[in-house]
A.B. asks: 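Just dropping this structure here.
Keep in mind that this is a model prediction, so the values were computed, not measured.
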Amino acid sequence: MSRYSLVIVILFASLYLAFASYLPSDHAPPTSAELKYSRAHSLSSEYTFDPRDGWQTVNISHLSHKYTPRASKAHKVNKTPPNSLSKVFANPAKNAINGIFNGLKGTGKTEEVSITWYTGHDLLNPSCWENSVWAPTDHSFACAVTMDGWASKPKCFQFLELCRTEKKCVFVRVVDSCAGCAKGSKHVDLTKGAFAELADLSEGVVTVAMRLATEPLDWVESLWGPKNRKGW
């Protein structure tokens, strides 16, 4: 091989490695469906969120968290009164149209819930399956809900629409139980990817509006797990 040919080979190899470094080592490039469902969506173009509408920032400490002890740190929590969150779904007919993602749309009554995020080994062995070969990753759009005491809590495999404002909503699927969530609390523990679409990870705990959602027509297993409820 000539010196010129060797330089060309090295150049192309370097370009390939540089490009490959931007992709997860264990994950193919995202499909169009993955990109669509892993971005926050808007319910209406007419809603304008404003801190003067009742939102405020408060500091809390000694927060018991399922994953990493955080008692020594203070967390900022964005809190909103019920009358402000109710505006998120003020126009059900219009919002249902705007919320459609090929079959996936929010529906039904809303309620306030607290959201946090989890990661690492806590993602393994989601309890909604007995013997699942799948587990969510930080990039999945899945969640765990309070294990005990929340009488009306969403059931395994149901889809939820969570909205921080009318312009910032995500869809997630219930795949696990949150053993560390306070008994009786309305608590939804999200994967990092889902939480990050609604708030900065450093915020820790955020109050949002939640309602049930229908199932999508196009299925993305990397985001929601196996459609088969046996876990394979």
A.B. asks: Which heavy-atom pair separates Tyr118 from Pro136 by the least distance, and what is that distance?
C.D. replies: OH-CG, 4.3 Å

A.B. asks: Check whether any side-chain heavy atom of Leu190 lies under 4.5 Å from a side-chain heavy atom of Cys143, and answer yes or no.
C.D. replies: yes

A.B. asks: Quick one about Ser222 and His139 (side-chain donor to acceptor, distance below 3.5 Å, no hydrogens or angles considered), yes or no?
C.D. replies: no

A.B. asks: Taking all non-hydrogen atoms of both residues into account, name the closest pair between Trp117 and Leu201 and its distance.
C.D. replies: NE1-O, 3.0 Å

A.B. asks: Kindly say whether Cys181 contributes a backbone atom to a donor-acceptor pair with the side chain of Thr146 at under 3.5 angstrom?
C.D. replies: no

A.B. asks: CG of Leu35 to CG of Leu223: how many Å apart, nearest 0.5 Å?
C.D. replies: 9.5 Å

A.B. asks: Restricting to side chain to side chain donor-acceptor pair (under 3.5 Å), what partner residues turn up for Ser152, sequence neighbours left out?
C.D. replies: Trp150

A.B. asks: Roughly how far apart are Leu123 CG and Asp138 CG, rounded to 0.5 Å?
C.D. replies: 6.0 Å

A.B. asks: Among Asp218, Thr31, Leu104, find the one that has a side chain to side chain contact (heavy atoms under 4.5 Å, CB included) with Lys36.
C.D. replies: Asp218

A.B. asks: Return the minimal non-hydrogen interatomic distance between Pro154 and Val145, and the atom names on each side.
C.D. replies: O-CG2, 3.9 Å

A.B. asks: Determine whether Phe157 and Arg173 make a side-chain contact, defined as any pair of heavy atoms from C-beta on separated by less than 4.5 Å.
C.D. replies: yes

A.B. asks: Would you say the side-chain atoms of Trp219 pair up with the backbone N or O of Gly225, donor to acceptor, closer than 3.5 Å?
C.D. replies: yes

A.B. asks: Looking at every non-hydrogen atom in both residues, tell me the closest pair between Val205 and Thr116 and how far apart they are.
C.D. replies: CG2-CG2, 3.6 Å

A.B. asks: In the structure I gave you, are the side-chain heavy atoms of Phe195 and Val170 within less than 4.5 Å of one another anywhere?
C.D. replies: no

A.B. asks: Show every salt bridge (charged side-chain N to carboxylate O under 4.0 Å, His left out) that has at least one partner inside residues 177-187, sequence neighbours left out.
C.D. replies: Glu111-Lys186

A.B. asks: Has the side chain of Glu161 got a donor or acceptor atom that lies under 3.5 Å from a matching backbone atom of Arg211?
C.D. replies: no

A.B. asks: May I ask you to decide if Lys105's main-chain N or O and Thr214's side chain share a donor-acceptor pair within less than 3.5 Å?
C.D. replies: yes

A.B. asks: What class does the angle between the rings of Phe171 and His41 fall in, given that below 30° is parallel, 30 to 60° is tilted and above 60° is perpendicular?
C.D. replies: parallel

A.B. asks: Which value, rounded to the nearest 0.5 Å, describes the distance between Leu124 atom CG and Ser132 atom OG?
C.D. replies: 10.5 Å

A.B. asks: Looking at every heavy atom in both Phe141 and Gly193, which two are closest together, and how far apart are they?
C.D. replies: CZ-O, 3.7 Å

A.B. asks: Please round to the nearest 0.5 Å and tell me the distance separating atom CZ of Arg39 and atom NZ of Lys168.
C.D. replies: 13.5 Å

A.B. asks: Within this structure, what is the CG-CE distance for the pair Asp189 and Met147, rounded to the nearest 0.5 Å?
C.D. replies: 11.5 Å

A.B. asks: If you define the side chain from C-beta out and look only at heavy atoms, does anything of Glu221 sit under 4.5 Å from Lys227?
C.D. replies: no

A.B. asks: When you look at Val172 and Thr191, which way does the side chain to side chain contact (heavy atoms under 4.5 Å, CB included) test go after all the steps?
C.D. replies: CA-CA 9 Å; Val172 295; Thr191 52; 5.8 Å; no

A.B. asks: Rounded to the nearest 0.5 Å, what's the gap from NZ on Lys192 to OG1 on Thr119? Could you check?
C.D. replies: 4.5 Å

A.B. asks: With heavy-atom distances below 4.5 Å as the criterion, would you say the side chains of Val206 and Leu198 are in contact?
C.D. replies: no

A.B. asks: Can any side-chain N or O of Ser127 pair as donor or acceptor with the backbone N or O of Ser177 at less than 3.5 Å?
C.D. replies: yes

